[in-house]
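A short worksheet on the structure shown next.
Counting convention: from 1, in listed order, for ligands and their atoms alike.
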Amino acid sequence: MPERIGDSFQEQTKYSINGIPSGAMHGPQPEMYKSYPGSQRAALPNPVIRPGASLWDILAARRSHRKFADRDLSLDDLSLLLWSFNGITARAGKYDFRTAPSAGALYPVETYVVANSVAGLDAGAWHHNIPNWELELVRGGFQGSNLSYACLNQKMCETAPAVFVWTGVVQRCKWKYLERGYRYIYLDCGHAGAHLHLAAEALGLGCCMIGAFFDDEVNAIIGADGEEETALYIAAVGAKA
Ligand SMILES: Cc1cc2nc3c(=O)[nH]c(=O)nc-3n(C[C@H](O)[C@H](O)[C@H](O)COP(=O)(O)O)c2cc1C
């Protein structure tokens, strides 16, 4: 039987006791942060942690929610949701450590928010600029219908007040881990998704993760080229219906 791409990926990215591929960290380290100079910007409020249910209660309560109430998401909640996985919580040397873990602290995952109805924020696709704690507009205007189409007609992308789209900037991780880096990019992104899901539950909001999407169409909405940077994972968030 011919070897399938997934099987050969798994096989060829194994670490073996007989040797680990060499050639890592040649050339300058890629930029750790992406930014869109000159684009429209929206400041995010400082994330303020609120008292709430215990982590154990949140874990027990979490479910996927695909129907949302007709209510805007507040900018305070959006900021706190972003903080749950992108918040910088420690600094050491050149490293900014975040709320969610990352292989080698390389943080190859970028975050975009497709804002459908966020109070005080124009509808559009926004990039999260972490060091400035602000949003940068990458595509103005209501993108919910485009995103719904790109996600195999999953209507929640249109009805949720906010949809998070994560991408991987591949070279940021491959620089150190070569082809195995792909595994770590996916794992990093899974951590981000889990943090967001639990944070949404902690705020009493509904959330549903989305892995079923047309890659090229999602990339087009956020302006990713699909090679150096490519869509990985999506999550719809809003008040539960
Ligand atoms: C990687 C991944 C991809 C998913 N993709 C979708 C999706 O495209 N559409 C959807 O409605 N739910 C999606 N889900 C949600 C799952 O269907 C859901 O987590 C599962 O049915 C278990 O239900 P629960 O989350 O309520 O416990 C996805 C979940 C994960 C972890």
Side-chain angles (χ1 to χ4, degrees), residues 4-7 9-10 13 52-71 73 77 81-82 84-86 98-103 107-117 125 128 143-170 173 180-222 224 226 229-241:
R4 307 274 179 183
I5 186 77
D7 299 333
F9 169 77
Q10 192 65 18
T13 56
S54 80
L55 176 62
W56 307 109
D57 292 335
I58 292 164
L59 287 167
R62 187 215 59 80
R63 261 309 53 84
S64 294
H65 289 270
R66 299 172 179 84
K67 298 220 180 304
F68 300 98
D70 186 13
R71 200 182 315 149
L73 184 71
D77 280 359
L81 291 168
L82 287 165
S84 72
F85 56 89
N86 270 347
R98 302 188 196 167
T99 38
S102 171
Y107 304 100
V109 175
E110 292 285 334
T111 310
Y112 297 80
V113 178
V114 171
N116 292 331
S117 50
H128 185 210
Q143 299 300 323
S145 327
N146 292 338
L147 192 59
S148 167
Y149 170 72
C151 292
L152 284 62
N153 286 320
Q154 299 196 63
K155 283 287 162 208
M156 61 180 141
C157 295
E158 203 171 332
T159 55
V163 187
F164 294 70
V165 179
W166 288 285
T167 65
V169 176
V170 179
C173 197
R180 192 177 173 88
Y182 281 97
R183 294 188 187 212
Y184 297 159
I185 293 170
Y186 297 139
L187 291 168
D188 273 25
C189 194
H191 283 289
H195 280 218
L196 174 75
H197 211 324
L198 296 175
E201 187 60 45
L203 291 173
L205 300 169
C207 175
C208 185
M209 310 311 295
I210 298 175
F213 56 84
F214 300 121
D215 300 60
D216 291 347
E217 280 66 19
V218 171
N219 283 328
I221 292 169
I222 51 168
E229 180 181 13
T230 191
L232 301 171
Y233 206 14
I234 295 173
V237 178
K240 295 171 188 171

| request: State whether the shortest distance between N or O atoms of Cys208 and N or O atoms of ligand 1 falls below 3.5 angstrom. | output: no

| said: Contact between Leu82 and Phe164 at the side-chain level, heavy atoms closer than 4.5 Å - yes or no? | reply: yes

| More than 12 foreign heavy atoms under 6.0 Å from OH of Tyr149: is that the case here? | no

| field | Minimum-distance protein heavy atom relative to atom 16 (C) of ligand 1 | value | Arg66 NH2, 3.8 Å

| field | Close approach, Tyr233 and ligand 1, non-hydrogen under 4.0 angstrom | value | yes

| message | Less than 4.0 Å is my threshold; does some heavy atom of His197 fall inside it relative to ligand 1? | response | no

| said: Among all protein heavy atoms in this structure, tell me which lies nearest to atom 9 (N) of ligand 1, with the distance rounded to 0.1 Å. | reply: Gln154 OE1, 2.8 Å

| Do Val165 and Phe213 come close enough that some side-chain heavy atom pair is under 4.5 Å? | no

| Any sub-3.5 Å donor-acceptor pair from Asp188's side-chain atoms to Ala103's backbone N or O? | yes

| message | Heavy atoms only: which of Cys189, Cys157, Gly211 lies closest to atom 3 (C) of ligand 1? | response | Gly211

| task | Please indicate whether any nitrogen or oxygen in Met209 is less than 3.5 Å from any nitrogen or oxygen in ligand 1. | result | yes

| said: Has Arg98 got a side-chain atom pairing as donor or acceptor with Asn86's backbone, closer than 3.5 angstrom? | reply: no

| query | Under 4.0 Å from atom 20 (C) of ligand 1, do we find at least one protein heavy atom? | reply | no

| task | Check ligand 1 against Arg62 and write out every atom of the ligand that is under 4.0 Å from a heavy-atom position of the residue. | result | 24 (P), 25 (O), 27 (O)

| query | Does His65 come within less than 4.0 angstrom of ligand 1, counting non-hydrogen atoms of the residue? | reply | no

| task | Please write down residue, atom name and distance for the protein heavy atom closest to atom 22 (C) of ligand 1. | result | Ser64 OG, 4.8 Å

| field | Close side-chain approach of Ser84 to His197, heavy-atom, < 4.5 Å | value | no

| Atoms in ligand 1 with a heavy atom of Ala212 nearer than 4.0 Å | 8 (O)

| How about Leu147 and Glu158: do any of their side-chain heavy atoms sit closer than 4.5 Å? | no

| message | Check whether Ser148 reaches the backbone of Gln154 with its side chain - one donor and one acceptor, N or O, closer than 3.5 Å. | response | yes

